[in-house]
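First the structure, in the form of structure tokens, and then the observations on it.
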Amino acid sequence: MRRTIIEPFRIKVTEPLKIIPREKREQELIKAHNNVFLLPSTSVSIDLLTDSGTGAMSTKQWAAMMLGDESYAGSPSFRRFERTMRRITGMKHIFPTHQGRAAEGILAITRTRPGDVVPNNSHFDTTRANFEFVGVNALDLICAEGLDNETPAPFKGNMNLERLEEVIKKYGRERIPFAMITVTNNTSGGQPVSMQNIRETRALLKKYDIPLVMDACRFAENAYFIQQREEGYADVSLYQIAREMFSHVDAATMSLKKDGLVNIGGFLVCQNDDWAQDFQNMLILREGFISYGGLAGRDLEAAAVGIMEALDPEYQNYRHATVSYLARAMEQRNIPYVKPVGGHAVFIDAKAFLPHIPPLQYPGIALVNALYLEGGIRSVELGSVMFGHYDENGVEQPSNLELVRLAIPRRVYTQSHFDYIIETLDDLLRDRDSLRGYKITYQPKFLRHFTCHFEAL
Ligand SMILES: *Cc1c(COP(=O)(O)O)cnc(C)c1O
């Protein structure tokens, strides 16, 4: 056996990747008000803003797209989609949606009432927003290890079962229409959830007759972590592990833009016939007829092929090797990052990287912008800009953590691209004392990180 894990694909179609001159990058960043969300993607060389919908499709997916049947109703493309999603999830009812958040919106509108409480290990931001929009209290109940950035643990994405029981006792079964479990736990850095934790969450909820819904966006990456780290699963296939994960829940939402290996798509699946009736009515109202749910027939075909490819062990080996490769190189160069790395991204600790920049001068933004200026690399801040808030006296409060996320698109970049990223980080680390913070010169009322303007101090 060779030690090098190679990309399990070769490249048939290429897309130009240009490195524009540094002076041009400086101009572009100023035009974008120093906010990388406002940059045109053509001015970015390596785009690590997100792993959502940014992956490359396989020859089999592109071929399947030609088979897309665009009939309004009864399309065989839907039947293939339905059969595949049922094969993986074991669910009776399968509804396609245009994205994950559409599935969440339908779930929130149909199955909750204002004043309800929905616990989760960690709600993703669109999930939280969909619940809060309908007056539901969305609670994060991550395990203690998940809150500790320093100490490695195998399943830092787990649900805190003691807190879950406290919440159930506090609010009562009547106010908790269901609980959720997110795999992998995106908000806590793509950290995995163990099968034992899924099983125990299910058992606890069953005692109180509360259903469990999985946010399954990265179920295949989570299955890989279970196979690698949890006792008793080393010889179980990723497909069988995924089947078991879904067997412990009553319903699931998914963004197929993650482990569906497509650029657009999602689903909402469930066992219960009453839930399915509600979902169906709302799907038709908001997304489209039940046999396409806001997607084209060709999108359904591509997702049905892609989601099976995500369960291919060679693909998952490669996927995790890319993230580990980046993390290992950072370790060797003393670039501070959150350990252990999760499935889809590496999180740099900007507070430790730039200790001279105080939180309210946004060290995360300083690093994000430096990565762009130095290497044309686009990343995202998860710190005081994204999570900071104003207290009752109107005083800005920083976030606990100042992180910069390098999210890795699936099957897009090769090892030399990763070497280039590492080299850029290394150069920045050497010159870090010269980096300065930023101040905000314009911000909208909500979700300010997307559109606010910065000025260098
Ligand atoms: C991306 C994501 C969503 C939302 O999916 P969209 O397709 O972007 O609407 C929900 N939950 C998690 C965990 C995600 O990563």
Side-chain angles (χ1 to χ4, degrees), residues 5 7-10 12 51-69 75-97 99-100 103 183-184 192 214-228 233 235-247 249 252-269 291-293 295-322 343-344 408-412:
I5 297 171
E7 286 90 355
F9 51 81
R10 53 185 181 174
K12 180 174 269 172
D51 67 318
S52 179
T54 53
M57 293 207 295
S58 65
T59 48
K60 289 206 170 117
Q61 285 178 287
W62 282 107
M65 284 186 82
M66 284 306 289
L67 300 175
D69 180 309
S75 147
S77 299
F78 172 66
R79 285 206 300 279
R80 277 189 281 272
F81 178 91
E82 183 182 45
R83 202 181 315 128
T84 304
M85 301 313 162
R86 190 174 284 145
R87 205 177 135 207
I88 293 172
T89 65
M91 294 284 167
K92 187 168 170 194
H93 304 283
I94 310 283
F95 300 105
T97 59
Q99 276 193 231
V183 298
T184 56
M214 187 185 286
D215 178 339
C217 289
R218 294 181 185 76
F219 77 98
E221 288 174 10
N222 200 81
Y224 181 86
F225 281 118
I226 289 175
Q227 189 186 54
Q228 298 297 307
Y233 288 95
D235 299 321
V236 185
S237 73
L238 295 175
Y239 169 71
Q240 288 298 342
I241 293 171
R243 275 303 300 247
E244 187 187 337
M245 285 162 56
F246 283 105
S247 76
V249 301
T253 58
M254 177 161 176
S255 170
L256 289 163
K257 299 171 74 170
K258 317 314 182 1
D259 280 350
L261 296 180
V262 287
N263 305 114
I264 196 74
F267 70 52
L268 177 58
V269 298
S291 62
Y292 69 90
L295 294 171
R298 54 181 171 271
D299 298 327
L300 298 170
E301 296 277 2
V305 175
I307 199 166
M308 290 307 294
E309 289 179 354
L311 288 168
D312 177 345
E314 278 190 24
Y315 163 74
Q316 284 297 338
N317 267 333
Y318 144 77
R319 173 81 175 144
H320 289 265
T322 57
H344 66 282
I408 315 298
R410 294 169 179 80
R411 305 191 289 206
V412 170

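Source: prediction; values computed, not measured.
Residues Val183 and Asp215 fail the side-chain proximity criterion, which asks for heavy atoms closer than 4.5 Å. When side chains are defined from C-beta on, Met65 does not count as touching Val305, because their heavy atoms never get closer than 4.5 Å. Counting heavy atoms from C-beta outward, Met66 and Arg298 have side chains that stay 4.5 Å or more apart. With a 4.5 Å cut-off on side-chain heavy atoms, Val249 and Met91 count as touching. You'll find the side chain of Ile226 reaches within 4.5 Å of the side chain of Met245, heavy atoms only. Phe219 is not listed as a side-chain neighbour of Lys258, based on a closest heavy-atom distance of 4.5 Å or more. Val412 has its side chain out of reach of Thr54: every pair of non-hydrogen atoms, C-beta onward, lies at least 4.5 Å apart. A 4.5 Å side-chain heavy-atom check between Gln99 and Ser52 finds every atom pair outside the cut-off.
Heavy-atom contacts from other residues, nucleotides or ligands closer than 6.0 Å to CZ of Arg243 number more than 12. More than 12 heavy atoms of other residues, nucleotides or ligands shown are found within 6.0 angstrom of CZ on Arg86. The environment of Glu314 atom CD is sparse: at most 12 non-hydrogen atoms of other residues, nucleotides or ligands sit within 6.0 angstrom.
Considering OG1 of Thr97 and CD1 of Ile264, their distance stands at 9.5 Å, rounded to 0.5 Å. Ile94 CD1 to Phe81 CZ: the interatomic distance, rounded to the nearest 0.5 Å, is 7.5 Å. In this structure, CG on Leu238 lies 8.5 Å from CD on Gln228, to the nearest 0.5 angstrom. Between the CZ atom in Phe267 and the OG1 atom in Thr253 there is a gap of 8.0 Å [rounded to 0.5 Å]. Note that OG of Ser58 and CG of Asp312 are 10.5 Å apart. Values are rounded to the nearest 0.5 Å. The structure places CD1 of Ile307 at 11.0 Å from CZ of Arg87, a figure rounded to the nearest 0.5 Å.
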Problem set entry | Derivation and outcome, side chain to side chain contact (heavy atoms under 4.5 Å, CB included), residues Ile408 and Arg319 | CA-CA 9 Å; Ile408 315 298; Arg319 173 81 175 144; 3.8 Å; yes
Exercise. What's the verdict on side chain to side chain contact (heavy atoms under 4.5 Å, CB included) for Leu256 and Met85, showing C-alpha distance, side-chain angles and the deciding distance?
Worked result: CA-CA 11 Å; Leu256 289 163; Met85 301 313 162; 4.2 Å; yes
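Glu244 and Tyr233 are linked by a side-chain donor-acceptor pair at a separation below 3.5 angstrom, with hydrogens and angles left out of the test.
Ion pairing between Lys60 and Glu309 fails under the 4.0 Å rule for side-chain N and carboxylate O.
Under the 3.5 Å distance criterion, the side-chain polar atoms of Gln316 are matched with a main-chain donor or acceptor of Ala310. Judged by distance alone, with hydrogens and angles left aside, the side-chain atoms of Gln227 form no donor-acceptor pair with the main-chain N or O of Asp235 at under 3.5 Å. Listed for the Asn263 side chain is a donor-acceptor partner under 3.5 Å among the backbone atoms of Gly53. Using modelled atom types, no side-chain atom of Arg218 and backbone atom of Thr184 make a donor-acceptor pair closer than 3.5 Å. Panel note: side chain Asp259, backbone Ala220; a donor-acceptor pair is recorded below 3.5 Å.
Figure legend: cation-pi geometry between Arg410 and Tyr315 absent, as NZ or CZ is not positioned both under 6.0 Å from the six-membered ring centre and within 45° of its axis.
Applying the side chain to side chain donor-acceptor pair (under 3.5 Å) test to Asp299 and every residue at least two apart in sequence or in another chain returns nothing.
Smallest separation of non-hydrogen atoms from Pro96 and Ser291: CG-C, 4.5 Å. Residues Met57 and Leu261 approach most closely at CG-O, 3.8 Å, considering heavy atoms. Of all heavy-atom pairs between Gly297 and Ser77, the closest is O-CB, 3.5 Å. Between Ile5 and Ala321, the shortest heavy-atom distance links the atoms CD1-CB, 3.9 Å. Listed here is the closest heavy atom pair of Arg80 and Leu67: NH2-O, 3.9 Å. A pairwise comparison of heavy atoms in Leu295 and Gly265 identifies CD2-CA, 3.7 Å as the closest pair.
Between Phe225 and His320, the two ring planes are perpendicular [angle over 60°; tilted spans 30° to 60°].
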